[in-house]
Amino acid sequence: MIEQVIKDVREFGEKAGIINKKVLVLYSGGIDSSVTLYILKKAGFNVSALTFFHKWSWPEVLRWGMKFTKSLDIEHYFVDITDALLRRAVGRKGPICIHCKKVMLENAKWFALNNDFFYLAKGDNANDKIIGTLLDQCSGDIRLCEIPKIGIPIFRPLIKYKADFIQKLADEAKIKPYRMYEHGRRRQWREGCPLQYIDEDERITPELMDLAFKVNYEVSKIARKRKVRISVRVPSFEIMCWECNNEVIEEVRKILASMET
């Protein structure tokens, strides 16, 4: 399957005239962006990776991402957005992902333009496609959107494939990103960072950001050991878990009790 996808993406890149242009992939270290990097590299694109991180990013995921891009011989840039995220998010209500995505897209655009990249690439898949969103208003093939409001063309090579198909591609290519065993937003793997678990009706503060990381980092140890998916909202301490039994829940509650004291 993956060879056919690589062929299709290469043919699209040649037809669109972008295969020899510098492409910067917004790289999180997850399944979608990892498969995107792999396919673009194998298809012959001039591709680099850009990873945004902040004080509360999962360190294990960052380390895995560095190893992955090194294995593909891809240039990999890292940008710390801690200060920008604090300026944008503190004092506002969540979900914090809304504020963080704005910070990342703004910084990605200027990083790309200032370093002679012609296109930004994202790992969006068909499950991310929401009718009416800006990127889905582009004319022609939705894999390549040139919208003045964004300021740089956006390339989404996987947008026509569903998440379960991309997982199959990852399995075929033996791509296995490091997982924190987060609860995520959907039943399929959808990890991000612990800040997404700040209660949406709370005003965001640095203290809540620290708590979200501390609590979920400890809980992730249980999740990995038990091979279940767990996250905890703060400051409510609501436990969210896929397929947890009472024994696992009690283990999580003991962790939370020790942090409340």
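Values below: every heavy atom of this structure, side chains too, minus hydrogens, waters and symmetry copies.
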Practice problem: Looking only at non-hydrogen atoms, find the nearest pair between A49 and L37 and report the distance. | Solution: CB-CD1, 3.9 Å
Quiz item: Is the shortest side-chain N to carboxylate O distance from E60 to R224 below 4.0 Å?
Solution: no
Quiz item: Is there a path of hydrophobic side-chain contacts, each under 4.5 Å between heavy atoms of I, L, V, M, F, W or Y residues, that connects L62 with Y77?
Solution: no
Quiz prompt | R63: partners by salt bridge (Lys or Arg N to Asp or Glu O under 4.0 Å), with sequence neighbours left out | solution = none
Self-check item: Approximate separation, where rounding is to 0.5 Å, of I2 CD1 and I166 CD1
Solution: 10.5 Å
Practice problem: Drop me the distance from K41's NZ to T36's OG1, to the nearest 0.5 angstrom. | Solution: 15.5 Å
Quiz item: To the nearest 0.5 Å, what is the distance between OG (S34) and CG (L72)?
Solution: 9.0 Å
Exercise. Just do the side chain to side chain contact (heavy atoms under 4.5 Å, CB included) check on I96 and C193 with the steps written out, would you?
Key: CA-CA 10 Å; I96 197 169; C193 85; 5.8 Å; no
Quiz item: How would you list, by chain and number, every residue that makes a side chain to side chain donor-acceptor pair (under 3.5 Å) with E251, sequence neighbours excluded?
Solution: K225, R226
Self-check item: Under 3.5 Å donor-acceptor, W242 side chain and H183 backbone
Solution: yes
Self-check item: From M66 atom CE to T69 atom OG1, the distance as rounded to the nearest 0.5 Å
Solution: 7.5 Å
Quiz item: Going through the distances and angles, do K168 and Y161 end up as a side chain to side chain contact (heavy atoms under 4.5 Å, CB included)?
Solution: CA-CA 11 Å; K168 292 176 182 177; Y161 304 112; over 6 Å; no
Self-check item: CA sep, side-chain torsions, deciding dist, call: F155, F45, side chain to side chain contact (heavy atoms under 4.5 Å, CB included)
Solution: CA-CA 12 Å; F155 181 32; F45 282 76; 3.8 Å; yes
Quiz item: Hey, mind stepping through N125 and V35 against side chain to side chain contact (heavy atoms under 4.5 Å, CB included) and telling me if it holds?
Solution: CA-CA 11 Å; N125 63 54; V35 172; over 6 Å; no
Self-check item: Contact summary for L144 and A16, nearest pair of heavy atoms
Solution: CD2-CB, 4.2 Å
Practice problem: Following the transitive rule for hydrophobic clusters with a side-chain heavy-atom cut-off under 4.5 Å over Ile, Leu, Val, Met, Phe, Trp and Tyr, establish whether F53 and W110 coincide in one cluster. | Solution: no
Practice problem: Write down the atom of N127, the atom of A163, and the distance for their closest heavy-atom approach. | Solution: OD1-N, 2.6 Å
Exercise. Answer yes or no: is there a side-chain heavy-atom contact under 4.5 Å between L120 and K122?
Key: no
Self-check item: same_hphob_cluster(F78, F111) at 4.5 Å side-chain heavy-atom cutoff
Solution: no
Quiz prompt | Expected output: side-chain D199 to main-chain S236 donor-acceptor under 3.5 Å | solution = yes
Quiz item: For L86, does its backbone N or O pair with a side-chain atom of H99 as donor and acceptor, under 3.5 Å?
Solution: no
Practice problem: Could you label the plane-to-plane angle of the W58 and F213 rings as parallel, tilted or perpendicular, counting under 30° as parallel and over 60° as perpendicular? | Solution: tilted
Self-check item: Validation row, ring centre H54 to ring centre F52 under 6.0 Å
Solution: no
Quiz item: How long is the gap from CZ on F12 to CZ on R143, to the nearest 0.5 Å?
Solution: 5.0 Å
Quiz prompt | Validation row: C100, L195 side chains within 4.5 angstrom (heavy atoms) | solution = no
Quiz item: If two hydrophobic side chains count as joined below 4.5 Å and joins carry through other members, does I81 share a cluster with I98?
Solution: no
Practice problem: List the atom of I198, the atom of A212, and the distance in Å for their closest heavy-atom pair. | Solution: CG1-CB, 4.0 Å
Quiz item: Less than 4.5 Å apart, any side-chain heavy atom of I239 and any of L256?
Solution: yes
Quiz item: Does S48 reach the main-chain N or O of L24 with its side chain, forming a donor-acceptor pair under 3.5 Å?
Solution: no
Quiz prompt | Row check, F118 ring normal vs K22 NZ/CZ: under 6.0 Å, within 45° | solution = no
Quiz item: In chain order, what residues pass the side chain to side chain donor-acceptor pair (under 3.5 Å) check against S231, with sequence neighbours excluded?
Solution: Y197
Self-check item: Any residue meeting salt bridge (Lys or Arg N to Asp or Glu O under 4.0 Å) with K7, in chain and number order, not counting sequence neighbours
Solution: E11
Exercise. Give a yes or no on this: more than 12 heavy atoms of other residues, nucleotides or ligands lie within 6.0 Å of atom NZ of K227.
Key: yes
Quiz item: How about N216 and E182: do any of their side-chain heavy atoms sit closer than 4.5 Å?
Solution: no
Quiz prompt | Smallest separation among heavy atoms of D124 and R156, with atom names | solution = OD2-CD, 3.4 Å
Practice problem: Check salt bridge (Lys or Arg N to Asp or Glu O under 4.0 Å) between K160 and all other residues, then give those that pass, not counting sequence neighbours. | Solution: D141
Practice problem: Might you point out which heavy atoms bring L26 and A108 nearest each other, and give the distance in Å? | Solution: CD2-CB, 3.5 Å
Exercise. Using atom types as modelled and distance alone, determine if a side-chain donor or acceptor of N20 lies under 3.5 Å from a backbone N or O of N46.
Key: no
Quiz item: Got I230 and C244 here, is their nearest side-chain heavy-atom distance under 4.5 Å?
Solution: yes
Exercise. May I have all residue pairs that pass salt bridge (charged side-chain N to carboxylate O under 4.0 Å, His left out) and include part of residues 201-221, sequence neighbours excluded?
Key: K55-D210, E218-K221
Quiz prompt | Pairwise distance NZ(K174) to OH(Y38) - rounded to 0.5 angstrom | solution = 9.0 Å
Exercise. With side chain to side chain donor-acceptor pair (under 3.5 Å) as the test, would you mind laying out the steps for E250 and N246 before giving the verdict?
Key: CA-CA 6 Å; E250 280 305 310; N246 290 334; over 6 Å; no
Self-check item: Donor-acceptor contact present, side-chain S33 to main-chain S28, <3.5 Å
Solution: yes
Practice problem: Using the six-membered ring wherever Trp is involved, compare the ring planes of W64 and F68 and label them parallel, tilted or perpendicular (cut-offs 30° and 60°). | Solution: parallel
